[in-house]
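Numbers restart at 1 for each chain; the letters A, B, ... are given by sequence-line order, proteins then strands. Predicted model, so just to flag it, every value in this text is computed and none were measured.
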There are 2 protein chains.
Amino acid sequence: MGNREALIQGAKQCLTERGWARTTVRDIATAAGVNHAAIGYHFGSRESLLIHALVEAVEELSEAVSERARGGSPEERWQALIDTFGTHRPLWIAQLEAAVQAEHSPELRERLALAQRQGRAGLGGSVPLAVLSGLMLQWLIDPAEAPDGAQVALELHAQSTADFHARSREA
Amino acid sequence: MGNREALIQGAKQCLTERGWARTTVRDIATAAGVNHAAIGYHFGSRESLLIHALVEAVEELSEAVSERARGGSPEERWQALIDTFGTHRPLWIAQLEAAVQAEHSPELRERLALAQRQGRAGLGGSVPLAVLSGLMLQWLIDPAEAPDGAQVALELHAQSTADFHARSREA
DNA sequence: ATCCGGTCAAACCAAATGGATAAACCTGCC
DNA sequence: GGCAGGTTTATCCATTTGGTTTGACCGGAT
């Protein structure tokens with residue numbers, strides 16, 4: 001593995017362990033087992049490297065999610081997706097960090113917008129994608145209170161009923 | 001307004017304009033019209049101030065959301081909630097930043113977990129909360145592609161039908 | 001063997017950063 | 001007036017930071 005690849009790996013590791021704000025060029029270089037001057041050589045700047053790392057992580061996550069988006073009952077599918085919060089935790093954290101940094105980097109925002117369109121296509125709508133990323137937020141903050149696949153499937157099913165009730169109440 | 005309050009306001013402003021990673025003590029002090037030594041005096045450290053600011057923002061957002069979570073048809077309610085992405089954009093950005101920083105601050109995570117429980121109660125379940133925060137992510141990254149209230153209500157309703165189809169396909 | 005482009009690392013640097021210090025500044029009270 | 005409390009500011013400081021420079025290194029082509 002060349003230094004360039006090692007740096008991206010190290011950056012991904014630092015992003016999940018310390019987050020963008022707390023990651024220094026020396027942290028990344030140490031994690032990668034490389035001199036920190038290599039960052040300037042290969043990427044020009046710390047920010048550029050971090051964005052590269054985030055983009056790569058987001059793409060990996062996209063793939064992992066789309067693999068689990070099809071097959072089985074809704075409950076099973078939701079559970080499989082929810083399980084990725086644990087199995088792919090670093091990628092999900094990167095995804096979250098990417099969303100934050102996208103507010104300050106048009107390039108990153110563009111990449112995320114693309115991944116989002118793919119996500120909508122893979123999951124079959126804006127709402128399933130919203131549910132998935134929203135559940136991720138809940139799971140990261142308080143896994144004990146986050147719902148499982150059965151609960152999600154149940155609530156989604158109950159939603160149309162609730163809607164109906166709300167409509168009639170409104171009349 | 002005392003310096004302490006001014007600092008929290010300035011911190012909130014910096015958090016939305018530059019994000020946690022790019023906000024320095026001097027940025028905050030300038031935004032607040034205050035000497036940056038006041039941060040040490042009132043909060044002890046930059047991090048402590050930023051966390052205070054995030055917590056305050058999250059609480060403001062909680063309130064704004066719960067005000068709009070009731071009344072009207074589902075479509076109207078969803079639209080009212082989606083509208084807050086624009087009207088309360090700074091607070092939503094703070095919420096997102098808070099979720100990221102919660103990974104590195106147990107205190108902040110605790111506060112967010114509380115707000116999350118309130119959110120579930122106010123919106124009537126884990127899934128509505130997930131939908132709302134997931135939509136926020138979509139809207140921040142690509143407002144043009146994010147769905148409106150009608151679309152969300154429609155997809156939510158269609159969800160149970162889709163579930164049914166999936167179940168029968170599975171058999 | 002030598003040259004050469006690309007890669008790497010040790011040392012260096014200026015600037016920025018978070019925080020500490022200590023002196024001024026109020027404001028209410030005796 | 002003058003004292004005492006908390007508050008605010010100007011200034012200082014050590015450290016960290018991102019980035020650059022310079023020379024070594026390496027593999028392949030000549």
Side-chain angles (χ1 to χ4, degrees), chain A residues 1-57 93-94 97-98 100-108, chain B residues 1-57 93-94 97-98 100-108:
Chain A
M1 181 171 63
N3 274 6
R4 188 188 150 93
E5 191 52 33
L7 280 172
I8 294 188
Q9 279 306 115
K12 283 195 257 184
Q13 181 184 332
C14 288
L15 279 169
T16 63
E17 290 177 0
R18 314 176 196 228
W20 178 300
R22 294 168 172 80
T23 294
T24 72
V25 291
R26 284 166 179 84
D27 290 335
I28 301 172
T30 300
V34 151
N35 188 282
H36 83 268
I39 292 174
Y41 179 75
H42 285 290
F43 298 93
S45 73
R46 171 190 100 121
E47 170 161 329
S48 169
L49 165 55
L50 287 175
I51 288 181
H52 268 81
L54 284 180
V55 167
E56 204 167 276
I93 290 181
E97 194 84 56
V100 168
Q101 297 305 325
E103 288 304 304
H104 312 285
S105 160
E107 179 202 341
L108 187 54
Chain B
M1 179 172 62
N3 274 4
R4 189 188 150 94
E5 190 52 33
L7 280 171
I8 293 188
Q9 279 306 117
K12 283 196 259 184
Q13 180 185 334
C14 289
L15 279 169
T16 62
E17 288 176 1
R18 313 175 196 228
W20 179 300
R22 295 167 169 78
T23 295
T24 73
V25 291
R26 285 167 177 83
D27 290 336
I28 301 171
T30 301
V34 151
N35 188 282
H36 82 268
I39 292 173
Y41 179 76
H42 286 290
F43 299 93
S45 71
R46 173 191 98 122
E47 169 161 329
S48 169
L49 165 55
L50 288 176
I51 288 180
H52 269 80
L54 284 181
V55 166
E56 203 167 277
I93 291 181
E97 193 83 56
V100 168
Q101 297 304 327
E103 288 303 302
H104 312 285
S105 161
E107 180 201 341
L108 187 53

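Partners of A/H42 according to the ring-ring contact (aromatic ring centres under 6.0 Å, His included) rule, which considers only residues two or more places apart in sequence or in another chain, do not exist here. Every residue was checked against the salt bridge (charged side-chain N to carboxylate O under 4.0 Å, His left out) condition with B/R26, not counting sequence neighbours, and none meets it. Here B/H36 pairs with nothing under the ring-ring contact (aromatic ring centres under 6.0 Å, His included) rule; sequence neighbours left out. For B/A21, the side-chain contact (heavy atoms from CB on, under 4.5 Å) partners are A/W20, A/A21, A/Q101, not counting sequence neighbours. Take B/E17 and apply the salt bridge (charged side-chain N to carboxylate O under 4.0 Å, His left out) test, not counting sequence neighbours, and it matches no residue. In this structure, the side-chain hydrogen bond (donor to acceptor under 3.5 Å, both in side chains) partners of B/E56, at least two apart in sequence or on a different chain, are B/K12.
The stretch residues 3-12 of chain B touches DNA chain D through B/N3, each having a heavy atom within less than 4.0 Å of the strand. Using a 4.0 Å cut-off on heavy atoms, the residues of residues 39-57 of chain A that approach DNA chain D are A/S45, A/R46, listed by number. The stretch residues 14-38 of chain A touches DNA chain D through A/T23, A/T24, A/V25, A/R26, A/H36, A/A37, each having a heavy atom under 4.0 angstrom from the strand.
Atom CG of residue A/L15 and atom CG of residue A/L54 lie 5.0 Å apart, to the nearest 0.5 angstrom.
Screening residues 30-39 of chain B for salt bridge (charged side-chain N to carboxylate O under 4.0 Å, His left out), with sequence neighbours left out, gives no hits. Among residue pairs with one or both ends in residues 28-47 of chain B, those qualifying as salt bridge (charged side-chain N to carboxylate O under 4.0 Å, His left out) are A/R22-B/E47; sequence neighbours excluded. Every pair tested for salt bridge (charged side-chain N to carboxylate O under 4.0 Å, His left out) that includes a residue from residues 35-44 of chain A fails, sequence neighbours excluded, so the list is empty.
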